[in-house]
Amino acid sequence: MATKAPKSDIDETGVRVSKPKKVAVGVPAVLHALQIANEQMGVVRSVQTLARVNQKDGFDCPGCAWPEEDKRHLAEFCENGAKAVAEEATLRTVGPAFFQEHSIDELRGHDDWWLGQQGRLTHPMILDEGATHYRPVSWDDALRAVADEIAAVDDPDETVFYTSGRTSNEAAFLYQLLVRGIGTNNLPDCSNMCHESSGSALTETIGIGKGTVSIDDVHDADLLIVAGQNPGTNHPRMLSALEKAKQRGARVIAVNPLPEAGLMRFENPQTPRGVAFGGTKIADRFVQIRSGGDQALFQAIGKHLLEVEERDGGVLDHAFIDAHTSGFDAYREAMARADWASLVEATGVSEASLRVIAEDVRTSKATIVCWAMGLTQHKHSVPTLRDVVNVLLLQGNIGRKGAGVCPVRGHSNVQGDRTVGIYEKPSEAFLEALDREFAFTAPREHGFDTVEAIRAMRDGRVRVFMGMGGNFVSATPDTAVVEAAMARVNLTVQVSTKLNRSHVVTGRRAIILPTLGRTDRDRRGGAEQRVTVEDSMGAVHASRGRLAPPADDLLSEVAIVARLCGHLFDEGPSPAQAPVSHDGDPERGLPEHGELEGERHSPRPKNAPRADWAALETDYALIRSHIARVIPGFEDYDARIQKGRTFFLPNGPRDERRFATVDGKARFTANVLEYPVIPPGRLLLQTLRSHDQYNTTIYGKDDRYRGISGGRRVVLVHAEDIAELGFAEGEIVDIVSEWTGPDGTVEERRAEEFRIVPYSTPRGNAAAYYPETNVLVPLDSVADVSGTPTSKAVIVRLEHRAGAGATGAAATGD
Ligand SMILES: Nc1nc2c(c(=O)[nH]1)N[C@H]1C(S)=C(S)[C@@H](COP(=O)(O)OP(=O)(O)OC[C@H]3O[C@@H](n4cnc5c(=O)[nH]c(N)nc54)[C@H](O)[C@@H]3O)O[C@H]1N2
Ligand SMILES: Nc1nc2c(c(=O)[nH]1)N[C@H]1C(S)=C(S)[C@@H](COP(=O)(O)OP(=O)(O)OC[C@H]3O[C@@H](n4cnc5c(=O)[nH]c(N)nc54)[C@H](O)[C@@H]3O)O[C@H]1N2
Ligand SMILES: [Mo]
C-alpha cells in the first residue's frame, strides 16, 4: 500500500551516527529501494514501473545520465534510480484542495523534504499579487497570462528562462526556440552549476564540450581514474561498468577527500557473485586528496611522465603529439618549472606517493579519467580540467579504444538539452540554421547564465522568470539573495512535476504549470508520443512512459511550450492586454522587434519564428524533423530512434581524432598551479549529496553509506580539527562562511544548528549537505571562465551557539 505524505518536517534532533559503510549496493540497497517504491506507489504500480526502467521501448531512467549497457538486465534498476522513479510515479497528489488548505506563508515554513513528499502537481495554479493562497486556473488562462506578461516587457532581455536537465530533446528544442523568438538568449540552465567547467575546458582543448568515451571504452580501459565523484550514490550503474572493467584486468584509482563506499567495494545485486562473495573491490588505490588539490595531482602526473621520458624515453606517444596537438613545448617547460613542494602541499600526498600514482598512468595502455562535481565546482576547475587533458594527451589517450575523457553528467538529459540549444552563448552556426528553418532572426547577443540571471533579478532588471523543471530557488547559491531576487520579479512561472521551494518563494505573481514526467503515458493527437534523450556518452534514444498520469488533463512539456509559442507568435497579446502595457503606454505592446502587423484576431509580431505549433504539439516526430534540419548529427532522427534503437552523435575527437579548436589541434595548455589556501582556524567546506536525495528533492533522512541517519543538518569534520578548533563531537554549531569581496571587505553568511560528526577527511576539509548549506555559498564565488558556483570550496568557521555548551556525543549505534 502506498502511504500518506508526512505531516511534519524532519526532526533534526533525531540524527544518529554510526560507522560508515565500506561496501555499496548489495541486497540492502534493493530492499531499501523497494520499500520507498511501495510507500510512494503501492506494490502493483511498483512492479509495473520498475520493470520498464531503461528497457528497450520503456522509459529512460530519470535518475542519472550514465548510459545503458547493451545487454540489459530484466530489472535494470539501481537503488537510486528506483527511488527517482518512485518519487515521480508516486500516487500522492497536490491539487486545488491542497492549495486551499495551505497558505503560501505556511508552505514557505516547510523544509524541502516535506514539500517534495506531498506528491505530484495536478492542476495549473495561479498566485495573484498580494494573495495568501494559490487558486486554480484553466490551462488557457494560465498560458495567456504568461504570454501577456512576456509580451508586455520593454526589452526581451527582461525575461529569463531556466532549464533543468530532465527536459526531453523535443521540449528543450521548442523551448529555446520560444525564447529566441521572444528575442533573448537568457537561457541559464542547471549545467551552469554543474558541468560547465568541463564544457569550458574541453571545448577549448579538444574542440567538443563532451566526453570522448563510450561504455565499451570503459570496459576496455586499462586504467580508470575516478576523481571528484561518488558513483555509489549518484551513478550506481557506473559501478557495474567499473566491475566489468576490473574483471578484464583494469586498475581503478579513486581520488576523493572522502572514502566513499561505492569506490571501495561493490556488491552487484544482478550477479550471484555480487550477492554471495562480498562483492568486487573497486579502487586499487585510494588517494585521499585535499579538497581542491586535483590540479596539483594531474600536474604531478604530467611532471613525472615528462621526467621519465627525458631519462629513459618510451613514455610519450610522439606520433600523436606531432600529428594532432599543439602547445607541447610550453606545457613541458611549465611542468619542468612546477615544484614538488607545492604539488605535495596542494594534494596532501607525498612526492613518493604521487610518483607511484604517476607510474600507474605511465604503465597503463589505455587510460580514462572520469569526474563529476568534485572537480567542476572549484574556483580553479577549468585549469584543473585542462591539466587532466594534458596528461591524457601525453600518451595519446584520446580517440582510441579504452581511453579518453569521461565527465559523468548529472541530470538524465542535461547533455541533450545543451545539444539542442539550451545555452546562453549559442554559436553563430546554430543560430543561422535556426533562422533558416523558422524564417526569423534569432538574437545574437549572449544571454545570462545562472549567476548572471540572479544578479539581474536582484537588481530589478527581470520582469518574467520561467523555469522548465528544476528548483531554481533551492539549487542556486546564496539562498537569501536568491529569495530576495525572486520577489522582485513580476511573474515567476514553474513547469514542474512536483511541489518545491520555487513554487512558494515567488515573484509578485506566480503560476504553476504541472506537467508529465518520464514515466507518464503521453497521448497526443490520438497517438502515444515518444521523446528522446542523450546520455552522458552522446548516445540518443527514445523514452516512452506507460503509467497513467496523475491527472487527466496534464499537458506535456512539449504541449505547454507549443501553446505558448502559439499565443506569442501567431496571435500577439490577447485583446484585453494589448492596449495597455505595464507602464500605461499604449504604443508599447511588444519588444523592439514586435511592431505589430494585422493578422488573426490580434496582431502578430513581425520577427516571430514560423511553424505549425498546433501540429508540433500532437506529433513530436515533426519536432524531430526540425531538429534534424538544424543540428548536425540528427539526420533521419525519427527513423533512427524507432524500435528502441540508439544512435551516437558525431564526436570528432572520439571518431577520427578531429579537434575543432582554434588551430584544429588538441591543445596542451600551460596552467598556473592553484589550490585553496585555508586561513588558520577555518575549514574548507564542500557541499554534497546524501544517499537519500536527488539534488533538491529529499527522498529520505538517511545517508546510509556514510553512517548518518534520521537527519541532514550535520557537518563532517576531521576528529583532530574538531578538538584543535575547540569543539566537541556531537556539538550543535553554526557554520559561518567568510567571503572576501574584490574590495577586500569580508562578508559573512550563516547556517544554523549543524551537528559536528567526526569523519575521515583530510585536515582542514569539511563536508555538509546541499541544499541546506547553499545559504553559505556567496553568489560571486564562481569558477574562473565557466562561472560555476564554487559549491565544493567555501571557507567557513564553526561557531558555538550562544548559551549552548558541547552536548556530548551524538546518539551512536550501528
Ligand atoms: N541519487 C542521486 N543521483 C544523482 C544526483 C543526486 O542528487 N542523487 N544528482 C545528479 C547530478 S545533477 C549530478 S551533477 C551528479 C553529481 O554526482 P557527484 O559529483 O558524485 O555528486 P556530489 O555529491 O556533489 O559528490 C561530489 C564528490 O566529489 C568529492 N569531492 C569534493 N571535493 C573534491 C575535490 O576537491 N577533489 C576531489 N577529487 N573530490 C572532491 C566528494 O567527496 C564527493 O565524493 O549526480 C547525479 N545523480
Ligand atoms: N551547494 C550546491 N549547490 C548545487 C550543487 C551542489 O553540489 N552543491 N549541485 C548543482 C547541480 S550539479 C545541479 S544539476 C543543480 C540542480 O538544480 P535543478 O535541476 O534546478 O534541481 P532539481 O532538484 O534537480 O529539480 C527538482 C525539481 O524538478 C522538477 N522535475 C522533476 N522532473 C521533472 C520533469 O520531468 N519535468 C519538469 N518540468 N520538472 C521536473 C520537480 O518539480 C522537482 O521538484 O543544483 C546545483 N546546486
Ligand atoms: Mo548536476
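In listed order, ligands and their atoms are each counted from 1. Residue numbers start at 1 and run along the sequence shown.
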- Query: Heavy atom of L688 under 4.0 Å from ligand 2?
  - Reply: no
- Query: Are the charged groups of R418 and E196 less than 4.0 angstrom apart, N to O?
  - Reply: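 Yes, this pair counts.
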- Is any side-chain N of the basic residue among E170 and R530 closer than 4.0 Å to the acidic one's carboxylate O? no
Any idea which of [options] brings a heavy atom closest to [atom]?
{"atom": "atom 32 (N) of ligand 2", "options": "E87, R166, H503", "result": "R166"}
{"atom": "atom 25 (O) of ligand 2", "options": "G470, P62, P477, S474", "result": "G470"}
{"atom": "atom 46 (C) of ligand 1", "options": "A372, G262, G410", "result": "G410"}
{"atom": "atom 19 (O) of ligand 2", "options": "S164, G165, G116", "result": "S164"}

Number the atoms of ligand 2 from 1 as they appear, then name those within less than 4.0 Å of a heavy atom of [X], with their elements.
{"X": "Y694", "result": "23 (O)"}
{"X": "T515", "result": "36 (N), 37 (C), 38 (N)"}
{"X": "G469", "result": "37 (C), 38 (N), 39 (N)"}
{"X": "Y162", "result": "17 (O), 18 (P), 19 (O), 20 (O)"}
{"X": "E557", "result": "34 (C), 36 (N), 37 (C), 38 (N)"}
{"X": "N500", "result": "27 (C), 42 (O), 43 (C), 44 (O)"}
{"X": "S791", "result": "1 (N), 2 (C), 3 (N), 6 (C), 8 (N)"}

- Find all atoms of ligand 1 within a distance of less than 4.0 Å from any non-hydrogen atom belonging to H235, and give their numbers and elements. 15 (C), 17 (O), 45 (O), 46 (C)
Is there a polar contact between ligand 2 and [X], counting only N or O atoms under 3.5 Å apart?
{"X": "T687", "value": "yes"}
{"X": "R518", "value": "no"}
{"X": "A475", "value": "yes"}
{"X": "N695", "value": "yes"}
{"X": "T773", "value": "no"}
{"X": "K792", "value": "yes"}
{"X": "L516", "value": "no"}
{"X": "M373", "value": "no"}

- Message: Below 4.0 Å, non-hydrogen atoms only: which portion of H411 touches ligand 2? Side chain, backbone, both or neither.
- Response: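 Under 4.0 Å from ligand 2, H411 contributes side-chain atoms alone.
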- Note on the structure: From the list T532, N169, D60, T167, side chain to side chain donor-acceptor pair (under 3.5 Å) partner of N413 resolves to N169
Applying a heavy-atom cut-off of 4.0 Å, say which part of [X] lies close to ligand 1: side chain, backbone, both or neither.
{"X": "H195", "result": "neither"}
{"X": "D294", "result": "side chain"}
{"X": "C194", "result": "side chain"}
{"X": "I289", "result": "side chain"}

- Item | Reference residue D112; test salt bridge (Lys or Arg N to Asp or Glu O under 4.0 Å); the match among R501, R712, K701 |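 Single pass found, and it is R501.
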- Item | side chain to side chain contact (heavy atoms under 4.5 Å, CB included) partners for A562, two or more places apart | L174, E617
- Task: Please verify whether a non-hydrogen atom of K83 lies at under 4.0 Å from ligand 1.
- Result: no
- Would you sort out whether R750 and S737 count as a side chain to side chain contact (heavy atoms under 4.5 Å, CB included), showing the intermediate values? CA-CA 6 Å; R750 180 177 299 264; S737 72; over 6 Å; no
- Task: Using the test side chain to side chain donor-acceptor pair (under 3.5 Å), find all partners of H235 that sit at least two apart in sequence or belong to another chain.
- Result: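 Scan of H235 (side chain to side chain donor-acceptor pair (under 3.5 Å), adjacent residues dropped) gives Q229.
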